[in-house]
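Inspection log for the structure reproduced underneath, given as structure tokens.
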Amino acid sequence: MHTQNVLLDTERWESLLASAPQMNRESIPYYVKMMELYKGDYLQEYDFWWVESERQRLHKMWLSTALKMAEWYRGNAQPEEAVSIYEGICSRHPQAEEAYWGLMKIYADMNKNSSVNKWYNLLSSVLWEELHEKPNEQITNWFIEWQMAHA
């Protein structure tokens with residue numbers, strides 16, 4: 001198969017990410033459009049062993065960018081957008097503890113205590129079912145302190 005003069009979707013997406021401007025109010029629409037191009041993991045419908053490292057590499061780039069966007073939205077008083085991104089991360093990557101923690105912090109800021117509990121319990125359940133592990137210590141300590149402050 002010859003791939004000369006062919007622009008692969010992954011190469012286009014990676015190029016857009018590499019040339020992305022600093023994340024700010026003006027550039028966030030660029031990031032939104034770029035992330036919409038990522039339709040799923042690389043060759044996700046195939047189970048070839050030789051694809052896995054590239055799939056993981058691209059997925060880590062997507063995850064890192066999605067987390068940065070969610071934090072940007074959270075830091076810029078746009079919690080609904082942050083929630084949407086965090087929930088998308090949890091859906092695509094159920095073991096991404098940072099996304100659950102981001103949701104818990106947003107809901108804590110909004111005084112939505114049942115939602116904080118819901119996302120901590122969901123994280124605990126997912127990690128236990130898939131990895132037989134508990135949430136990392138930093139998240140657990142944050143949650144315990146939050147619970148004590150809201151008892």
Do any N or O atoms from the side chain of [X] and from the backbone of [Y] form a donor-acceptor pair under 3.5 angstrom?
| X | Y | answer |
| --- | --- | --- |
| His93 | Ile89 | no |
| Thr65 | Met61 | yes |
| Asn111 | Tyr107 | no |

Residue pair Trp142, Lys105: steps toward the side-chain contact (heavy atoms from CB on, under 4.5 Å) verdict:
CA-CA 9 Å; Trp142 177 91; Lys105 290 188 275 186; 3.8 Å; yes

Is there a path of hydrophobic side-chain contacts, each under 4.5 Å between heavy atoms of I/L/V/M/F/W/Y residues, joining Tyr100 to Ile144?
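No, Ile144 does not connect to Tyr100 through the hydrophobic network.
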
Taking a hydrophobic cluster as the set of Ile, Leu, Val, Met, Phe, Trp and Tyr residues connected by side-chain heavy atoms closer than 4.5 Å, whether directly or through intermediates, do Trp119 and Met148 fall within one such cluster?
no

In sequence, state the C-alpha distance, the side-chain angles, and the governing distance for Trp146 and Asn117, and then conclude on side-chain contact (heavy atoms from CB on, under 4.5 Å).
CA-CA 10 Å; Trp146 174 83; Asn117 285 308; 3.9 Å; yes

Looking only at heavy atoms, what is the nearest atom pair of [X] and [Y], with distance?
| X | Y | answer |
| --- | --- | --- |
| Ala99 | Leu67 | N-CD2, 4.1 Å |
| Ile85 | Ala66 | CG2-O, 3.3 Å |
| Glu97 | Asn136 | OE2-N, 2.7 Å |
| Ala20 | Tyr31 | CB-OH, 3.4 Å |

Min side-chain heavy-atom separation [X]-[Y] under 4.5 Å:
| X | Y | answer |
| --- | --- | --- |
| Pro21 | Tyr30 | yes |
| Trp72 | Gln78 | yes |
| Glu130 | Pro94 | yes |

Nearest 0.5 Å please: distance from the [atom1] atom of [X] over to the [atom2] atom of [Y].
| X | Y | atom1 | atom2 | result |
| --- | --- | --- | --- | --- |
| Lys134 | Trp128 | NZ | CH2 | 7.0 Å |
| Met104 | Phe143 | CE | CZ | 7.5 Å |
| Glu80 | Met110 | CD | CE | 5.5 Å |
| Leu103 | Lys112 | CG | NZ | 11.5 Å |
| Ser84 | Met69 | OG | CE | 9.5 Å |
| Gln95 | Leu123 | CD | CG | 10.0 Å |

Criterion side-chain contact (heavy atoms from CB on, under 4.5 Å) on Gln147 and Val116, from CA distance to verdict
CA-CA 9 Å; Gln147 277 186 316; Val116 176; over 6 Å; no

Should Glu87 and Ser91 be marked as a side-chain hydrogen bond (donor to acceptor under 3.5 Å, both in side chains) after you check the CA-CA gap, both sets of side-chain angles, and the distance that decides it?
CA-CA 6 Å; Glu87 287 180 352; Ser91 173; over 6 Å; no

Given Glu81 and Asn76, is the side-chain contact (heavy atoms from CB on, under 4.5 Å) satisfied, shown in steps?
CA-CA 10 Å; Glu81 288 83 356; Asn76 286 276; over 6 Å; no

